[in-house]
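In what follows, a structure is listed as structure tokens, so that the remarks can point back to it.
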Amino acid sequence: MKNPCYNTPMKNERSSSNSDTKDQPSYRSALKKAAMGMLSLLPMLLAILGLVGLFQVFVTPQMLAKLFSGDALRDTIVGTLAGAVAVGQALISYILGGELLKEGISLYAVAAFILAWVSLGIVQLPAEAEVLGLRFTIWRNLLALIFTPLTAAATVWTLRTFA
Amino acid sequence: MNAAPSEAPRIRWRGRKFLAGVLLLYFFLFLADQHATEAALFKTAKVIAEITPILLIVIFFTALINRLFRPEALAKHLGQESGLRGWLIALFAGILSHGPMYAWYPMIEDLKKHGLRDGLIVTFFYARSIKIPLLPLMIAYFGLGFTVLLSLYTVIASLLQGLILDRLCGRCDEDKEQNDD
């Protein structure tokens with residue numbers, strides 16, 4: 001025979017759990033909704049991908065590398081802006097950054113470049129503004145633009161001071 | 001906040017003008033330099049092939065979140081009252097996420113409808129600069145000290161930017177709602 005003192009809380013727990021999930025959509029309907037959401041963004045994603053292709057051909061890593069002059073402060077700003085314009089996998093930024101270091105470009109600039117490569121993106125700005133709002137996009141990119149050279153500077157300064 | 005369950009889903013295509021502009025750009029570039037434009041198209045096709053699995057993962061992940069968490073629970077974990085837990089979720093989600101930033105827009109937009117705060121989005125996006133699979137390569141190119149410090153300062157910068165944005169951008173949602181209207 002079941003112990004009523006044991007069964008009561010179990011029953012309560014189950015009913016509480018049911019109330020947590022009863023309003024939830026089935027996984028199938030949630031999947032459909034998510035797929036529809038992605039599908040509605042398809043024109044925008046295709047536009048971004050089209051620009052990515054253009055940038056990869058017309059704005060080559062070699063062209064970006066030529067922008068650096070050797071002056072640490074100027075190159076840090078150039079590195080941030082070049083990283084923001086560049087598109088492609090982060091892996092490419094490491095390889096290119098390594099080559100820039102060999103050519104005598106400051107580590108400050110290289111750090112800013114590889115950080116901006118991932119955190120900033122000119123190509124995706126219209127999509128970001130459409131999806132997340134113009135004001136949010138402006139603030140987010142402005143903050144990233146300010147914090148990227150600062151993060152790069154803090155990294156290299158700490159490395160050189162304590163290493 | 002959410003559509004009624006009985007409401008039939010309807011696709012509202014977004015970015016059509018943007019796509020038309022890019023297609024027009026391709027057309028003019030094709031007239032100017034056929035070879036380079038074909039190369040760009042090839043690169044685009046290659047990126048589409050690379051990004052498709054990530055987009056599928058994002059769809060499955062978005063559905064899973066919507067299935068497992070009620071809007072109130074999402075708002076509790078990622079909304080205005082989320083506290084330290086919200087910052088940590090945004091930070092680790094950013095570090096662990098793969099693929100380009102724009103692949104995550106649909107999921108972020110969906111979570112935003114459920115109350116995701118703007119500061120956490122900023123933290124998520126900036127924390128994506130830390131790429132765990134690429135850390136060995138970064139160490140090989142720039143050294144262990146550089147990699148550890150850059151990752152550490154990136155975490156700090158991600159959190160600071162999120163906190164600053166929450167202060168600065170209190171009316172960003174209103175701006176977005178106006179855009180939607």
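Note: hydrogens, waters and symmetry copies are ignored here, and every other heavy atom, side chains too, is used.
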Rounded to the nearest 0.5 Å, how far does CH2 of A:W139 lie from CG of B:D118? 12.5 Å
Could you have a look at B:I121, B:T62, B:V58 and say which one has the most heavy-atom pairs with chain A under 4.5 angstrom? B:I121
Check whether B:L23 gets within reach of chain A through its side chain, its backbone, both or neither, counting any heavy atom under 4.5 Å. neither
Using non-hydrogen atoms and a 4.5 Å limit, figure out which bit of A:F162 sits close to chain B: side chain, backbone, both or neither. neither
Engaged part of B:F60 at the chain A interface, taking heavy atoms whose separation is under 4.5 Å: both
Checking heavy atoms, do the side chain of A:V123, its backbone, both or neither come under 4.5 Å from chain B? backbone
Which atoms of B:L152 approach chain A - backbone, side chain, both or neither, heavy atom under 4.5 Å: neither
Can you tell me if B:F61 has over 12 outside heavy atoms packed within less than 6.0 Å of its CZ? no
In terms of heavy-atom pairs under 4.5 Å, which option from B:I48, B:D110, B:L56 contacts chain A the most? B:I48
Is B:I130 in contact with chain A via its backbone, its side chain, both, or neither, using a 4.5 Å heavy-atom distance? neither
Would you mind checking which part of A:L54 comes under 4.5 Å of any heavy atom in chain B, side chain (CB onward), backbone (N, CA, C, O), both or neither? both
Given heavy-atom pairs under 4.5 angstrom as the criterion, report whether the side chain, backbone, both or neither of B:F18 touches chain A. both
Can you list the other members of the hydrophobic cluster that holds B:L88, where links are side-chain heavy atoms under 4.5 angstrom apart? B:L84, B:F92
What part of A:I146 gets within 4.5 angstrom of chain B, counting heavy atoms only: side chain, backbone, both, or neither? neither
Heavy-atom count check: over 12 atoms from other residues, nucleotides or ligands less than 6.0 Å from B:F27 CZ? no
In the structure I gave you, are the side-chain heavy atoms of B:I156 and B:L160 within less than 4.5 Å of one another anywhere? yes
Which of A:V131, A:L125, A:L142 passes side-chain contact (heavy atoms from CB on, under 4.5 Å) with A:T137? Answer is A:L125
As an exercise, state the distance from CD1 of B:I59 to CE of A:M36, rounded to the nearest 0.5 Å. 11.5 Å
Highest number of heavy-atom pairs under 4.5 Å with chain A: which of B:A39, B:A36, B:S158? B:A36
Counting heavy-atom pairs under 4.5 Å to chain B, which of A:V52, A:V110, A:L150, A:I114 comes out on top? A:I114
Polar side chain donor-acceptor pair, B:Y153 to A:T158, under 3.5 angstrom: yes
Treat each ILVMFWY residue as a node, draw an edge where side-chain heavy atoms are under 4.5 Å apart, and state whether B:L19 and B:F28 are in one component. no
Scored by heavy-atom pairs under 4.5 Å with chain B, the best of A:G97, A:A90, A:S29, A:A154 is A:A154
Chain B shares the most heavy-atom pairs under 4.5 Å, among A:L115, A:L101, A:V87, with A:L115
Please classify the contact of B:A127 with chain A as side chain, backbone, both or neither, using a heavy-atom distance under 4.5 Å. neither
Sort A:I95 into side chain, backbone, both or neither according to what part of it lies under 4.5 angstrom from a heavy atom of chain B. both
Only residue of A:E128, A:M44, A:M38 satisfying side-chain contact (heavy atoms from CB on, under 4.5 Å) with B:Y105 is A:E128
I'd like to know if the side chain of B:R12 pairs up with that of A:S40 as donor and acceptor (distance under 3.5 Å, no hydrogens or angles considered). no
So, is the end of the B:K131 side chain (NZ or CZ) under 6.0 Å from the ring centre of A:Y94 and within 45° of the ring's axis? no
Whatever's closer than 4.5 Å to a heavy atom in chain B on A:T148 counts as both
Name the member of B:L25, B:T154, B:L150, B:I164 that forms the most heavy-atom pairs with chain A at distances under 4.5 Å. B:L150
Given that the side chain runs from C-beta out, which part of A:V118 has a heavy atom under 4.5 Å from chain B: side chain, backbone, both or neither? both
Heavy-atom pairs under 4.5 Å with chain A: which of B:R128, B:K46, B:M101 has the most? B:M101
Do B:Y26 and B:T44 get their side chains close enough for a donor-acceptor pair, meaning under 3.5 Å? yes
With chain B, which of A:I138, A:V156, A:L46, A:L49 has the greatest number of heavy-atom pairs at distances under 4.5 Å? A:L49
